[in-house]
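Worksheet: one structure, shown below.
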Amino acid sequence: MTILECRSVTRTYRTPSGDICALPSTSLAVQEGGSLALVGPSGSGKSTLLSLVAGLERPTTGDVWFKGAPYSGLSMAGLLKHRRKHIGLLTQNPIFIRGLSLWDNIAIPLRLNGWAEQSIRVRLSDLLARLGIADLRWRQPSKVSGGELQRAALARAIAHRPALVLADEPTGSLDQANRNAAAELMIEVARETGCALVVATHDVAVADRMQQVVRLAQESSP
């Protein structure tokens with residue numbers, strides 16, 4: 001089943017000095033459980049495309065389709081509900097709420113989706129154990145290493161069992177050893193859970209692990 005399609009999507013921003021093309025016409029399709037890497041130089045539109053797929057903004061032309069339904073049929077409030085339920089987001093420098101433990105940070109998407117506390121305990125206990133951070137659950141985000149924090153971010157992205165995970169340079173802030181380990185873990189977890197995975201990356205080693213690669217070569221206008 002095709003879970004995600006981008007059909008000739010573009011994104012142009014109007015400025016006083018003229019239009020800026022942030023994303024040239026791009027089409028792609030990802031199957032359920034599939035993986036795709038977006039590669040290209042800085043300014044080629046990788047993050048912009050992820051933003052469109054996440055429903056954070058709308059394309060200038062073209063449309064994004066999810067399980068056969070277009071985003072254009074959803075209001076911004078509808079896109080928010082869609083994102084909250086069906087999409088997991090993973091970034092290079094994940095933001096955690098200070099003052100909350102890793103456990104409570106990771107539980108946020110579950111609580112937003114109305115999960116019962118008992119179900120949250122069962123889900124997170126299993127997930128954190130699989131990711132090797134169960135013993136860190138009550139630590140503050142500032143008290144764990146970069147690799148451990150990235151594992152916690154991955155846990156948060158997939159905790160609510162999304163159908164699609166979007167990762168924007170998820171290994172960029174890690175050293176090579178942790179980068180390779182994080183990439184393998186991300187792909188393994190996506191495969192086990194059956195979610196589709198779209199990763200924007202400069203890391204050739206990460207891109208090579210994906211089933212598909214889409215190259216965005218055109219840089220944005222200055």
Side-chain angles (χ1 to χ4, degrees), residues 1-95 109 112-113 153 156-158 160-170 172 186 190 195-203 206-207 210-222:
M1 176 182 180
T2 300
I3 191 167
L4 170 70
E5 282 186 89
C6 293
R7 300 182 181 178
S8 303
V9 294
T10 69
R11 188 67 175 101
T12 300
Y13 297 101
R14 290 188 172 180
T15 72
S17 57
D19 290 352
I20 296 176
C21 178
L23 179 71
S25 181
T26 302
S27 297
L28 58 83
V30 183
Q31 302 301 307
E32 191 171 30
S35 60
L36 181 147
L38 300 173
V39 300
S42 296
S44 60
K46 299 187 300 298
S47 295
T48 299
L49 182 54
L50 288 185
S51 181
L52 299 180
V53 172
L56 294 169
E57 54 183 320
R58 295 189 185 276
T60 304
T61 61
D63 208 348
V64 178
W65 293 64
F66 185 87
K67 293 185 176 180
Y71 277 13
S72 57
L74 296 174
S75 64
M76 291 306 293
L79 284 172
L80 173 61
K81 292 179 181 179
H82 165 78
R83 182 167 61 251
R84 183 178 291 172
K85 181 177 181 180
H86 297 294
I87 293 178
L89 300 175
L90 185 62
T91 60
Q92 178 176 342
N93 297 301
I95 297 174
L112 288 175
N113 279 296
R156 183 174 59 185
I158 64 174
H160 57 299
R161 302 186 189 278
L164 176 64
V165 172
L166 306 176
D168 193 359
E169 298 291 353
M186 183 170 57
C195 68
L197 178 63
V198 177
V199 182
T201 184
H202 283 97
D203 193 329
V206 173
M210 301 294 146
Q211 295 172 354
Q212 301 180 68
V213 176
V214 171
R215 301 184 184 279
L216 304 178
Q218 180 179 325
E219 296 190 33
S220 303
S221 302

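Here the side chain of Q212 pairs a donor or acceptor atom with the backbone of A29 at under 3.5 angstrom. No side-chain donor-acceptor contact under 3.5 Å links T2 to the backbone of L4. For the pair E169 (side chain) and H202 (backbone), a donor-acceptor distance under 3.5 Å is present. Between the side chain of T26 and the backbone N or O of P24 there is at least one donor-acceptor pair closer than 3.5 Å. Under a 3.5 Å cut-off, the side chain of K46 and the backbone N or O of G40 do form a donor-acceptor pair. Proximity of a side-chain donor or acceptor of S35 to a complementary backbone N or O of Q211 within less than 3.5 Å is detected. Using modelled atom types, no side-chain atom of H86 and backbone atom of K81 make a donor-acceptor pair closer than 3.5 Å.
Within the 4.5 Å cutoff, the side chain of L36 has no heavy atoms near those of the V199 side chain. A heavy-atom distance below 4.5 Å is not found between the side chains of R7 and V64. When side chains are defined from C-beta on, Y71 does not count as touching V9, because their heavy atoms never get closer than 4.5 Å. A 4.5 Å side-chain heavy-atom check between I87 and L166 finds at least one atom pair inside the cut-off. The closest side-chain heavy-atom distance from V198 to L50 is below 4.5 Å. Considering only heavy atoms from C-beta on, R14 comes within 4.5 Å of D19 through its side chain. At least one side-chain heavy atom of L197 sits under 4.5 Å from a side-chain heavy atom of M210. Looking at heavy atoms from C-beta onward, L38 lies in side-chain contact with L49 at the 4.5 angstrom threshold.
When all heavy atoms are compared, the tightest approach of C6 to V53 is SG-CG2, 3.7 Å. Taking every heavy atom of both residues into account, L23 and S44 meet most closely at CD1-O, 4.3 Å. Taking every heavy atom of both residues into account, A200 and P170 meet most closely at O-CD, 3.9 Å. Residues V165 and A157 share a closest heavy-atom pair of CG2-O, 4.4 Å. Considering all non-hydrogen atoms of both residues, C195 and P162 come closest at CB-O, 3.3 Å. Contact between R156 and H160 at its shortest, heavy atoms only, is O-ND1, 4.0 Å.
Interatomic distance, N113 CG to R161 CZ, rounded to the nearest 0.5 Å: 12.5 Å. Residue K67 holds its NZ atom at 9.0 Å from NE2 of H82, rounded to the nearest 0.5 Å. A distance of 11.0 Å separates CZ in R11 from CZ in R58, rounded to the nearest 0.5 Å. A distance of 12.0 Å separates CG of L79 from CZ of F66, quoted to the nearest 0.5 Å. Taking OG of S47 as the start and CG of L56 as the end, the distance is 11.0 Å to the nearest 0.5 Å.
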After noting the C-alpha distance and the side-chain angles of L52 and E57, does the key distance pass the side-chain contact (heavy atoms from CB on, under 4.5 Å) rule? CA-CA 5 Å; L52 299 180; E57 54 183 320; 3.6 Å; yes
Could you go through the side-chain contact (heavy atoms from CB on, under 4.5 Å) check for V213 and V39 one step at a time? CA-CA 7 Å; V213 176; V39 300; 3.7 Å; yes
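Remark: the S72 side chain and the D63 side chain contain an N/O donor-acceptor pair separated by less than 3.5 Å. With no hydrogens or angles considered, no side-chain donor-acceptor pair links T10 and T60 at under 3.5 Å.
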